[in-house]
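Letters go in sequence order (proteins before strands), and every chain restarts at 1.
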Amino acid sequence: MRIRDLSFSTAFNLKAVAPYDFSLTVHKPAGWSLLTPFEILESDTLWTAIRTPSGKIFGLKLRSLGTVKKPEISCDVHSLKKLSMNERKELSNTITWMLNLEEDIRQFYALAERDPLVKVLLKDLYGMRITKRSDIFPRLILAVTLQMAPIRRSDQMMNLLINEYGEKIGFNGREILYWPPPERIAKADVKELEERCKLGYRAKNLKGIAESVSKGFPAIQELERMSAEEAKAKLIELKGIGEYSADIVSPHLGFALDVWSAKIFNVLLFGERPESPRDIIPKLKKVAEERWGKWRGYVFIYVLNDLDNLSRKYNLDLTEL
DNA sequence: GCGTCCAGGTCTACC
DNA sequence: GGTAGACCTGGACGC
């Protein structure tokens, strides 16, 4: 794989609405990466990559300068060509949006006064923020590879896709592998995708999705401007994207229950393993909406990143479900 | 070793 | 409009 050397750099600092825990936000306790599984985290510095809706790829070095109560983040952006003032401004806005620096989560934390679960989550993960991404295709790859597969197999498929069809950038002495551009998957042969990335029946769907994205499927920001229902309906138009996958991809934070997380929430809320996890999903979604309202997406992410602590606290084994 | 089962959903055909 | 059944692959499990 050819390495693209991003030799131009520009730097700026960004402030966040407190509380904001940089470390918990960019590297979630459950191990989820911020933008690519191949990013590098060393103490409070993250080297990663971002692709903007225009299709350009940039190297990012993000570092925390402040504290949870007084958060500030240093951003070094590395590019192929020198950035214009407009591009610099655009990237600063994109990173602010991606890191969710301006969201005020005090309303979510206020739920802790009457909700014992939120109280525990707040104590364990204070300042952790849900992040977003500016390119839709990696979210679609995640959703497709999560279907009908244990997490290790999903990881295998994603890593193969990045290694076989992705991009490698070099900057600041680091090399980062990033997700394939949709155009490259759209051009790939289905048989080749099946064999090289072990995608199985998902290969055909992923190629079709890549074709739609490269032909102008709405960008994440456009979906964000739609209502949650409109965005979901648009996503479900893609073959291979159903209710669950649409919840994962949509920028409108939902309660994206699958069989695995349904078991966790059923044990947490009702103290027992469900007989049929798939059938219990609609009921759990309803309970979540009634109990946590618009903050249910935050509860979802906080719970899945706090399974060890919750297991200890409630004397349950949520990690082996 | 070898065979069988099934997983962090979705689509289709059939009723 | 509701619902079985098929779908790739590879790890876990029983023998």
Using atom CD of Q156(A) as one end and atom P of dC8(C) as the other, report the distance to the nearest whole Å. 16 Å

Single-linkage hydrophobic cluster V120(A)~L24(A), side-chain heavy atoms < 4.5 angstrom: yes

Rounding to a whole Å, what distance do you find between D155(A):CG and dT9(C):P? 18 Å

Answer yes when E289(A) and K294(A) have at least one side-chain N-carboxylate O distance shorter than 4.0 Å, and no when they do not. no

Tell me what S154(A) touches on the nucleic acid: a base, only sugar-phosphate, or nothing, going by heavy atoms under 4.0 Å. nothing

With C1' as the reference atom in both, quote the distance from dG11(C) to dT10(B) in angstrom, rounded to an integer. 23 Å

Assuming nearest nucleotide by heavy-atom distance, tell me which of I241(A) and L146(A) is located more 5' along DNA chain B. L146(A)

Starting at atom NZ of K204(A), determine the distance to atom P of dA6(C), rounded to an integer number of angstrom. 17 Å

If only atom types and distance count, is the side chain of S33(A) paired as donor or acceptor with the main-chain N or O of L35(A) below 3.5 Å? no

Send over the distance from I151(A) CD1 to dG10(C) P, rounded to a whole Å. 16 Å

Measure from CE on M158(A) to P on dT9(C) and round the result to the nearest Å. 18 Å

When you compare dG8(B) with dT3(C), how far apart are their C1' atoms, in angstrom units rounded to a whole number? 22 Å

Looking only at non-hydrogen atoms, find the nearest pair between I40(A) and E42(A) and report the distance. CG2-OE2, 3.9 Å

One thing to verify: whether E103(A) and R129(A) come together as a salt bridge, which I'm taking to mean a side-chain N less than 4.0 angstrom from a carboxylate O. no

How many Å lie between NZ on K198(A) and C1' on dT9(C), as a whole number? 8 Å

Each stem that DNA chain B is part of, given as range with range (3 or more consecutive Watson-Crick or G-U pairs, under 3.5 Å): B:1-7 with C:9-15, B:9-15 with C:1-7

Taking CG from D279(A) and P from dA4(C), how many angstroms apart are they, rounded to a whole number? 10 Å

Let me confirm one number: the NZ-CG distance from K234(A) to L223(A), rounded to the nearest 0.5 Å. 9.0 Å

Do the side chain of W292(A) and the main chain of G297(A) share a donor and acceptor less than 3.5 angstrom apart? no

Does the S214(A) side chain pair with the main chain of A210(A), one donor and one acceptor, at a distance under 3.5 Å? yes

Would you mind telling me which residue lines up with the more 5' stretch of DNA chain B, W32(A) or K239(A), judged by nearest nucleotide? W32(A)

Which two nucleotides bound the region of DNA chain B that has atoms under 4.0 Å from heavy atoms of chain A, read 5' to 3'? dA7(B) to dT12(B)

Trace of the ring pair (Phe, Tyr, Trp, His ring centres under 6.0 Å) decision for Y126(A) with Y109(A): CA-CA 9 Å; Y126(A) 187 70; Y109(A) 287 166; 5.3 Å; yes

Please report the distance, rounded to the nearest Å, between CZ in R153(A) and P in dC7(C). 15 Å

On DNA chain C, nearest-nucleotide positions of Y201(A) versus R152(A): which is more 5'? Y201(A)

Classify L238(A) by what it touches in the nucleic acid, base, sugar-phosphate, or nothing, heavy-atom distance under 4.0 Å. sugar-phosphate

P atom, dG10(C) versus dC11(B): distance in rounded Å? 23 Å

Counting neighbours of CZ on R63(A) that are heavy atoms of other residues, nucleotides or ligands and sit closer than 6.0 Å, is the number greater than 12? no

